[in-house]
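Taking it in order: structure first as structure tokens, then the write-up.
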Amino acid sequence: ATSYAGLDGTGVGIAILDSGVMKTHKSMLNAAGVSRVKRNVSMLKSAVNPWTWSVTGGSTTLQPGSAALASYESSVAADLDVTQDGYGHGTHVASVAAGRGVMQGQDIAGIAPNADIYDVRVLNASGVGTVSDALEGIAWVMYHAREYNIKVMNLSLAAASTDSWDVDPLCLAVQAAASMGITVVVAAGNFGLNTANQKVYGAVASPAHSPAVLTVGALNFKDTTSRGDDVVNNFSSRGPTRAYVLNTDGSRWYDNVIKPDLVEIGRA
């Protein structure tokens with residue numbers, strides 16, 4: 001809780017697009033007891049998405065230093081919200097990425113327990129959100145990436161989509177983020193079983209079916225240290241991806257991307 005040996009993410013920003021992050025949670029504090037959650041913003045607060053782009057390139061709204069940008073940033077600010085994560089999922093995800101593990105004990109820290117955390121709320125207190133809010137959240141991260149040194153963006157959320165990754169809106173957004181040097185980590189989804197409780201393949205959701213992101217599934221390690229008995233949890237979505245585009249003759253051209261890229265213990 002007060003010290004950590006090895007690489008710890010110091011100075012690196014991790015954006016968590018989820019249900020929020022409670023900045024006062026003990027796992028979010030640094031060794032001095034100061035919160036590492038540098039910003040809390042909520043895309044649920046803005047009535048419309050004001051980020052628009054011209055066909056010739058470049059943003060046509062929210063120019064740096066403009067009154068429109070200042071007004072927008074004020075509208076999405078959630079730093080002083082009494083409840084910054086009404087669902088709890090986002091705080092859990094943030095702790096996996098960068099928690100100090102002070103609530104459980106030794107060796108329960110996150111991957112980068114001294115990284116800076118940027119809470120970008122795109123899901124409500126029931127864990128539900130819209131594609132438009134997710135797109136707005138991705139745009140906010142891209143806009144502030146250099147300012148806050150955001151190197152990683154995590155989306156533990158999933159949207160049902162049959163659109164190929166090269167036309168799906170969420171996939172296009174995360175691909176843009178990846179192209180500017182942000183490592184985008186996305187949950188494969190929890191659609192590994194159908195309504196008859198049978199294992200299915202090809203249920204990787206959007207934007208996890210994008211080749212530009214690191215797609216993570218869930219692992220059952222059978223409570224052993226050996227890797228020989230490890231399997232993908234039944235509920236976890238598995239590939240290959242089955243999003244498609246329609247050919248001129250009406251037939252389907254499936255993506256068939258091999259996903260997930262890796263699996264880890266816990267929920268996807």
Side-chain angles (χ1 to χ4, degrees), residues 9 11-24 28 34-86 90-91 93-94 97-98 115-125 128-157 159 168-186 207 210 212-213:
V12 174
I14 302 176
I16 306 293
L17 275 70
D18 214 288
S19 60
V21 179
M22 289 297 294
K23 67 193 308 177
T24 57
M28 300 299 109
V34 178
S35 178
R36 290 176 291 114
V37 181
K38 301 299 184 180
R39 287 298 315 276
N40 298 86
V41 295
S42 175
M43 303 303 108
L44 309 181
K45 292 189 172 187
S46 61
V48 294
N49 183 351
W51 303 85
T52 59
W53 296 81
S54 69
V55 293
T56 55
S59 176
T60 59
T61 59
L62 304 186
Q63 297 293 342
S66 67
L69 177 61
S71 175
Y72 170 73
E73 291 288 355
S74 177
S75 72
V76 299
D79 307 278
L80 301 179
D81 284 8
V82 175
T83 302
Q84 290 157 334
D85 183 8
T91 304
V93 169
D116 296 331
I117 302 165
Y118 291 89
D119 163 29
V120 183
R121 196 184 313 163
V122 296
L123 304 178
N124 64 19
V128 178
T130 65
V131 170
S132 60
D133 282 341
L135 291 171
E136 185 178 358
I138 295 168
W140 187 92
V141 172
M142 293 171 63
Y143 195 93
H144 292 283
R146 293 210 173 176
E147 177 185 1
Y148 297 144
N149 198 35
I150 297 174
K151 297 292 188 180
V152 179
M153 178 168 62
N154 187 91
L155 297 93
S156 289
L157 50 83
D168 178 271
L170 281 173
C171 287
L172 293 177
V174 294
Q175 182 173 325
S179 70
M180 61 183 292
I182 300 173
T183 298
V184 183
V185 183
V186 184
S210 167
V213 307

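As the structure is a prediction and not an experimental result, all values here were calculated from the model. The analysis underlying the following values was restricted to heavy atoms, covering all of them including side chains, and did not include hydrogens, waters or symmetry mates.
Under the rule for a salt bridge (Lys or Arg N to Asp or Glu O under 4.0 Å), Arg36 has no partner lying at least two apart in sequence or in another chain. Partners of Asn149 by side-chain hydrogen bond (donor to acceptor under 3.5 Å, both in side chains), not counting sequence neighbours: none found. In terms of the side chain to side chain contact (heavy atoms under 4.5 Å, CB included) criterion, residue partners of Asp116 (sequence neighbours excluded) are, by chain and number, Lys38, Tyr118. For Thr130, the side-chain hydrogen bond (donor to acceptor under 3.5 Å, both in side chains) partners at least two apart in sequence or on another chain are Ser132, Asp133. Legend: residues meeting salt bridge (Lys or Arg N to Asp or Glu O under 4.0 Å) with Asp168, ordered by chain and number and at least two apart, are absent. Taking Asp85 as the reference, Ser19, Thr91 meet the side-chain hydrogen bond (donor to acceptor under 3.5 Å, both in side chains) condition, with sequence neighbours excluded. Among residues two or more places apart in sequence or in another chain, the side chain to side chain contact (heavy atoms under 4.5 Å, CB included) test is passed with Ala125 by none.
To the nearest 0.5 Å, atom CG of residue Leu123 and atom CG of residue Leu17 are 8.5 Å apart. Once rounded to the nearest 0.5 Å, the distance linking CD1 of Ile14 with CE of Met153 reads 12.5 Å. From Thr83, atom OG1 reaches atom CE of Met22 across 6.0 Å, with rounding to the nearest 0.5 Å. To the nearest 0.5 angstrom, Asn40 atom CG is 5.0 Å from Lys23 atom NZ. With rounding to the nearest 0.5 angstrom, the CD atom of Glu136 is 12.5 Å from the NZ atom of Lys45.
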Checklist entry - Would Ile117 and Val37 count as a side chain to side chain contact (heavy atoms under 4.5 Å, CB included) if you check the C-alpha gap in whole Å, the side-chain angles of each, and the deciding distance to 0.1 Å? => result CA-CA 5 Å; Ile117 302 165; Val37 181; 4.2 Å; yes
Item to check | From CA spacing to verdict: side chain to side chain contact (heavy atoms under 4.5 Å, CB included), Gln84, Val21 | outcome: CA-CA 6 Å; Gln84 290 157 334; Val21 179; over 6 Å; no
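Side-chain N or O atoms of Ser75 include one that pairs as donor or acceptor with a backbone N or O of Tyr72 at under 3.5 Å.
Between Val76 and Met43 the shortest side-chain heavy-atom distance falls below 4.5 Å. Asp18 has its side chain out of reach of Leu157: every pair of non-hydrogen atoms, C-beta onward, lies at least 4.5 Å apart. Taking the side chain as every heavy atom from C-beta outward, Val41 and Val120 approach each other to under 4.5 Å. Side-chain contact between Val122 and Ile138 is absent, with no heavy atoms from C-beta onward closer than 4.5 Å. Residues Arg121 and Asp81 form a side-chain contact, since some pair of their non-hydrogen atoms from C-beta on lies under 4.5 Å apart.
Ring geometry for Trp140 versus His144: interplanar angle of 30 to 60°, hence tilted.
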Ignoring hydrogens and angles, write down the donor-acceptor pairs under 3.5 Å from the side chains of residues 172-183, residues two or more places apart or on other chains.
unit_1, atom_1, unit_2, atom_2, d
Ser179, OG, Ala176, O, 2.6

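Considering Leu135, Leu155, Val213, Val186 as possible partners of Leu170, the one that fulfils the side chain to side chain contact (heavy atoms under 4.5 Å, CB included) test is Leu135.
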